[in-house]
Amino acid sequence: MAQHNIKLKDLTKIFSLGLLGKKRIVAVDRVNLEIKSGEILGVLGESGCGKTTMARMILRLLRPTSGKIFFDNIDVWGLKKWSEIREYYKNVQGIFQDPYASFNPRRRVLDSLYDTMRFLPDIAHDISKSREYLREILNSVGLKLEELENKYPHQLSGGQLQRVAIARALIPHPIFIVADEPVSMVDASTRIDILNIFIDLKQEYGVSPVIIGHDYSLAYYVSDRIVVLYRGQIVEEGSPEVLEDPAHPYTKLLKESVPLINRKWSKKFKPNIVAYDATVRGKGCIFAHRCPFRKPVCIEKEPPIVSLGRSKVRCWLYATN
Ligand SMILES: Nc1ncnc2c1ncn2[C@@H]1O[C@H](COP(=O)(O)OP(=O)(O)OP(=O)(O)O)[C@@H](O)[C@H]1O
Ligand code: SF4
Ligand SMILES: [Mg+2]
């Protein structure tokens with residue numbers, strides 16, 4: 001199977017706040033990342049670390065402040081013609097956290113799916129072929145076409161509607177699906193089922209999902225490769241084993257914060273949530289304000305990215321000089 005990739009090069013998004021725009025939030029900070037076809041990439045990080053901002057830039061919904069995004073070496077934000085943009089969306093689709101916000105509430109869900117068939121003009125003009133195509137796609141996400149007949153979004157559960165959203169994203173047979181918190185708003189009992197759909201998509205349909213979320217265990221469960229984000233920067237990147245035995249102090253802290261069942265009654269366990277002012281950024285390590293291993297150099301200079309074999313970490317602890 002041909003290899004495809006999405007490359008993020010020094011990708012940055014800065015939001016200006018206040019009337020004069022003097023306060024700035026660096027939501028995504030010089031991110032360099034290669035997303036490859038054939039794998040499930042998990043992007044993990046706590047609230048406010050820039051996950052949605054990154055997803056929206058990849059999906060051409062939010063223009064980067066600087067840096068570039070390439071899909072198979074094509075500059076995604078350099079696309080001008082609608083036909084080229086459409087070709088990009090044929091290959092790179094998105095799924096969002098709230099399935100109800102992703103569908104027109106006044107349109108029947110099947111009609112929304114028929115609308116998306118415009119990506120496939122050869123089939124779209126033939127109603128019976130379209131119906132069979134949709135039936136097959138809905139089956140692949142565990143739904144039956146008949147059960148959606150005449151239904152509006154509010155008549156489906158969050159889990160069902162998220163499956164429909166996945167089906168809709170699958171219609172053009174994309175190479176990548178960028179899914180921003182696809183299970184955080186669905187019932188806990190159906191989360192694994194939906195994550196299993198993404199695994200099936202990779203294995204059976206050759207679609208490569210990028211699953212963005214804040215849940216440590218789910219990221220471990222679903223991903224072939226993990227990227228840990230903190231305050232807009234990738235702090236650790238590697239195989240899912242990095243979550244078993246993390247190297248970066250922030251990933252370690254995330255791991256300790258996972259509320260395991262056997263910790264339920266322990267008074268010692270406190271989730272490690274620390275408020276910080278997102279508009280304030282020092283010149284050194286972005287994690288220095290919380291890091292138990294902080295050294296003087298951490299406040300003075302940005303840490304280098306160090307390769308540890310199975311992972312890469314952005315931390316002075318592993319730098320040789
Ligand atoms: N439109 C905006 N204007 C100003 N600041 C914004 C805007 N969108 C996001 N931000 C800020 O950028 C940072 C990253 O936000 P983002 O929504 O990307 O985080 P996230 O990781 O998706 O968080 P969550 O897990 O809560 O969804 C946050 O500090 C957020 O407040
Ligand atoms: S560079 Fe320093 S402050 Fe930052 S994570 Fe590493 S040890 Fe902690
Ligand atoms: Mg988000």
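As the structure lists them, so they are numbered: ligands from 1, and atoms in each ligand from 1.
Residue pairs meeting the ring pair (Phe, Tyr, Trp, His ring centres under 6.0 Å) criterion with at least one partner in residues 172-223, sequence neighbours excluded, do not occur; the list is empty. Every pair passing ring pair (Phe, Tyr, Trp, His ring centres under 6.0 Å) that includes a residue from residues 68-101 is listed here, sequence neighbours excluded: Phe71-Tyr88.
Heavy atoms of Asp180 found under 4.0 angstrom from ligand 1: none, in either backbone or side chain. Neither the backbone nor the side chain of His214 comes within 4.0 Å of ligand 1, counting heavy atoms alone.
Listed by chain and number, the protein atoms of type N/O/S under 2.8 Å from atom 6 (Fe) of ligand 2 are Cys315 SG; waters are omitted.
A cation-pi arrangement is present between Arg168 and Phe103, with the terminal nitrogen or guanidinium carbon under 6.0 Å from the aromatic centre and inside a 45° cone about the axis.
Put simply, CD1 on Ile305 and CD on Gln233 are 8.0 Å apart, with the number rounded to the nearest 0.5 Å. Atom SG of Cys315 sits about 14.5 Å away from atom OH of Tyr250, to the nearest 0.5 Å. Taken from CD1 in Ile95 to CG in Leu170, the straight-line distance is 7.0 Å, to the nearest 0.5 Å. For the atom pair CD1 of Ile74 and CD of Glu84, the computed distance is 8.0 Å after rounding to the nearest 0.5 Å. Atom-to-atom distance recorded for Cys285:SG and Glu300:CD is 12.5 Å, nearest 0.5 angstrom.
Here's the thing with Gly50: one of its N/O atoms is less than 3.5 angstrom from an N/O atom of ligand 1. Of the polar atoms of Thr52, at least one N or O is found under 3.5 Å from an N or O of ligand 1, judged by distance alone. Looking at ligand 1, you'll find an N or O of Cys49 within less than 3.5 Å of one of its N or O atoms. Below 3.5 Å of separation, one finds no N or O of Ile25 facing any N or O of ligand 1.
Ion pairing of Glu302 with Lys283 is absent here, as no side-chain N (NZ or NE/NH1/NH2) approaches a carboxylate O to less than 4.0 Å.
Taking every non-hydrogen atom of Leu17 and a distance limit under 4.0 Å, the qualifying atoms of ligand 1 come out as 4 (C). Listed by number with element, the atoms of ligand 1 under 4.0 Å from a non-hydrogen atom of Ala27 are 12 (O), 13 (C), 14 (C). If you number the atoms of ligand 1 from 1 as listed, the ones under 4.0 Å from a heavy atom of Glu181 come out as 25 (O).
Between Thr53, Ile14, Val26, it is Thr53 that holds the heavy atom closest to atom 15 (O) of ligand 1.
A donor and an acceptor atom, one from each side chain of Asp180 and Gln97, are nowhere located under 3.5 Å apart.
Other members of the hydrophobic cluster containing Leu317, listed by chain and number, are Phe293, Val306, Leu308, Val313, Tyr318; membership follows side-chain contacts under 4.5 Å among ILVMFWY residues, whether direct or relayed.
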